[in-house]
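First up is the structure itself, then whatever we jot down about it.
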Amino acid sequence: MEAKKIFHDVFQNIEVGIGEVSKTVGVSQRQLRYWEEKGYIKPVDDNQSGVRRYTLSTLYLIIFIKTQLDQGFTLSAAFERSKDIKVKSKIVRNFFEHTFNDVTITDADKAYGEIDLGELLVQDGQKYHFKGVVDEHGRYLKIDK
DNA sequence: GTTCTAACA
DNA sequence: TGTTAGAA
């Protein structure tokens with residue numbers, strides 16, 4: 001089986017109970033049930049037990065909402081932001097999966113490097129390489145011949 | 001001991 | 001949202 005699919009299956013099958021989520025994330029069980037009632041989060045539906053279990057992706061959503069709440073946003077605003085982030089993440093992931101060919105490490109300890117974003121063909125027939133650079137100056141774009 | 005629903009401070 | 005009661 002393809003590694004990507006295995007990861008997806010494993011990721012999707014990891015579940016956590018409401019007690020553990022509550023203790024770990026710092027959100028009360030009451031809140032979790034309320035958020036569910038509001039339609040913001042959804043426990044895995046297959047069990048007949050009536051006991052709530054959350055997938056990892058739901059856990060991440062819960063953590064995101066909690067973080068937004070701590071920063072002063074309302075619950076509904078936090079949820080709207082989560083939808084926004086979800087779409088943006090998907091776009092960014094898609095872009096990078098299909099564009100960067102290689103990452104060159106320039107400093108492993110500081111996590112500095114150059115991301116080759118692909119070739120750029122200009123009118124004069126010259127080929128350039130578009131690079132995303134992360135170093136002591138921050139992050140910026142660079143064009144190499 | 002944990003989780004659930006419902007109700008009330 | 002917190003808390004509590006009574007049941008699973």
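Each chain gets a letter, A, B and so on, in the order the sequences are listed, and its residues count up from 1. Just so it is clear, the values below take in all heavy atoms, side chains as well, and ignore hydrogens, waters and symmetry mates.
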Among all residues two or more places apart in sequence or in another chain, which pass the side chain to side chain donor-acceptor pair (under 3.5 Å) test with A/T104?
none
Within residues 87-96 of chain A or reaching into it, pairs that qualify as side chain to side chain donor-acceptor pair (under 3.5 Å) - sequence neighbours excluded
A/D84-A/K88
Hits for side chain to side chain donor-acceptor pair (under 3.5 Å) against A/R81, two or more places apart or cross-chain, chain-then-number order -> A/Q68
Partners meeting salt bridge (charged side-chain N to carboxylate O under 4.0 Å, His left out) with A/D109 (sequence neighbours left out)
none
Does anyone know the first and last nucleotide of DNA chain C in reach of chain A, 5' to 3', at under 4.0 angstrom to a heavy atom?
C/dT1 to C/dT3
For A/S57, what residues pass the side chain to side chain donor-acceptor pair (under 3.5 Å) criterion, not counting sequence neighbours?
A/T55
Enumerate, atom names and distances included, each donor-acceptor pair closer than 3.5 Å involving a side-chain atom of residues 33-40 of chain A, sequence neighbours excluded.
{"unit_1": "A/R33", "atom_1": "NH2", "unit_2": "A/Q29", "atom_2": "OE1", "d": "3.1"}
{"unit_1": "A/E36", "atom_1": "OE1", "unit_2": "A/R52", "atom_2": "NH1", "d": "2.7"}
{"unit_1": "A/E36", "atom_1": "OE2", "unit_2": "A/R52", "atom_2": "NH1", "d": "3.3"}

Who clusters with A/V133? Use side-chain heavy atoms, under 4.5 angstrom, across I, L, V, M, F, W and Y, and order the result by chain and number.
A/Y140
Take N1-N3 plus N6-O4 or O6-N4 for Watson-Crick, N1-O2 plus O6-N3 for G-U, both under 3.5 Å. Which runs of 3 or more such pairs involve DNA chain C?
B:2-8 with C:2-8
Sequence neighbours excluded, which residues qualify as salt bridge (charged side-chain N to carboxylate O under 4.0 Å, His left out) partners of A/K86?
none
List the atom of A/T106, the atom of A/V134, and the distance in Å for their closest heavy-atom pair.
OG1-O, 4.5 Å
Any chance you could list the contact pattern along nucleotides 4-9 of chain B? Use B for base contacts, S for sugar-phosphate-only contacts and - for none, protein heavy atoms under 4.0 Å, 5' to 3'.
BB-B--
Please list, chain by chain and in numerical order, all residues satisfying side chain to side chain donor-acceptor pair (under 3.5 Å) with A/H129, sequence neighbours excluded.
A/D116
